[in-house]
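For reference, the structure discussed in these notes is given below.
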Amino acid sequence: MNLTINGEQRELSESLPVNVGELLALLGLAGVPVVVELNHEALLPREHDVVPIADGDTLEIVRVVAGG
């Protein structure tokens with residue numbers, strides 16, 4: 001599966017993720033506060049485990065950090 005993640009082409013051949021939540025886990029971001037945009041559409045966190053991903057999709061993943 002070929003994806004564009006944060007502007008970088010990535011080829012995933014190991015344990016193909018079928019949804020955004022599985023992709024986040026594969027990237028080591030499970031449980032980490034993130035904002036995800038899939039094909040230019042922002043997703044709610046509750047959608048991560050139900051929204052499928054497909055070959056050729058584009059994702060922007062931004063970690064949420066707080067500070068002052």
Side-chain angles (χ1 to χ4, degrees):
M1 175 182 303
N2 292 303
L3 300 172
T4 302
I5 302 173
N6 294 345
E8 179 182 317
Q9 294 290 328
R10 301 273 305 259
E11 183 176 340
L12 303 176
S13 57
E14 64 207 47
S15 61
L16 295 176
V18 296
N19 62 46
V20 173
E22 290 179 4
L23 176 64
L24 292 174
L26 185 67
L27 297 173
L29 296 171
V32 175
V34 294
V35 175
V36 178
E37 186 179 272
L38 175 63
N39 299 323
H40 309 291
E41 296 288 330
L43 300 177
L44 296 171
R46 68 175 179 253
E47 296 176 299
H48 293 179
D49 291 331
V50 296
V51 173
I53 57 174
D55 190 48
D57 279 348
T58 298
L59 296 103
E60 291 293 325
I61 303 170
V62 179
R63 290 182 70 160
V64 177
V65 293

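From a predicted model like this one, the values you see are computed outputs, not experimental measurements. Because only heavy atoms are used, hydrogens play no part in the values below, and waters and symmetry mates are left out as well, while side chains stay in. Counting begins at 1 with the first residue of the sequence.
Scanning all heavy atoms of the two residues, the minimum distance from Pro52 to Leu38 falls at O-CD2, 3.8 Å. Here the closest non-hydrogen pair linking His48 and Val34 is CE1-CG2, 4.1 Å. Nearest heavy-atom pair across Ala25 and Ala30 is CA-CB, 3.9 Å.
The side-chain hydrogen bond (donor to acceptor under 3.5 Å, both in side chains) test applied to Asp49 returns no partner, not counting sequence neighbours.
Cluster membership for Leu23 and Leu44, using ILVMFWY side-chain heavy atoms within less than 4.5 angstrom, is not shared. Linking ILVMFWY side-chain heavy atoms closer than 4.5 Å, directly or via other members, places Val20 and Leu26 in a single hydrophobic cluster. A continuous path of Ile, Leu, Val, Met, Phe, Trp and Tyr side chains, each step under 4.5 Å between heavy atoms, connects Val36 with Val32, placing both in one hydrophobic cluster. Under the 4.5 Å side-chain heavy-atom criterion for ILVMFWY residues, a single connected hydrophobic cluster contains both Leu59 and Val50.
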Determine whether Arg10 and Leu27 satisfy the following criterion, side chain to side chain contact (heavy atoms under 4.5 Å, CB included), listing intermediate values before the conclusion. CA-CA 11 Å; Arg10 301 273 305 259; Leu27 297 173; 3.6 Å; yes
Given the rule in the side chain to side chain contact (heavy atoms under 4.5 Å, CB included) test, do Arg63 and Leu29 qualify, once you have shown the distances and angles that lead to the verdict? CA-CA 9 Å; Arg63 290 182 70 160; Leu29 296 171; 4.2 Å; yes
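Atom CD1 of Ile53 sits about 7.0 Å away from atom CG of Leu12, to the nearest 0.5 Å.
The backbone N or O of Val18 lies less than 3.5 Å from a partner atom in the side chain of Glu22, making a donor-acceptor pair. Of the possible polar contacts, one joining the Asn39 side chain to the Thr58 backbone as a donor-acceptor pair under 3.5 Å is found.
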Output side-chain donor-acceptor pairs under 3.5 Å for residues 2-9, partner residues at least two apart or in another chain, one line each.
unit_1 : atom_1 : unit_2 : atom_2 : d
Thr4   : OG1    : Gln9   : NE2    : 2.9
Asn6   : OD1    : Ile61  : N      : 2.6
Asn6   : ND2    : Ile61  : O      : 3.0

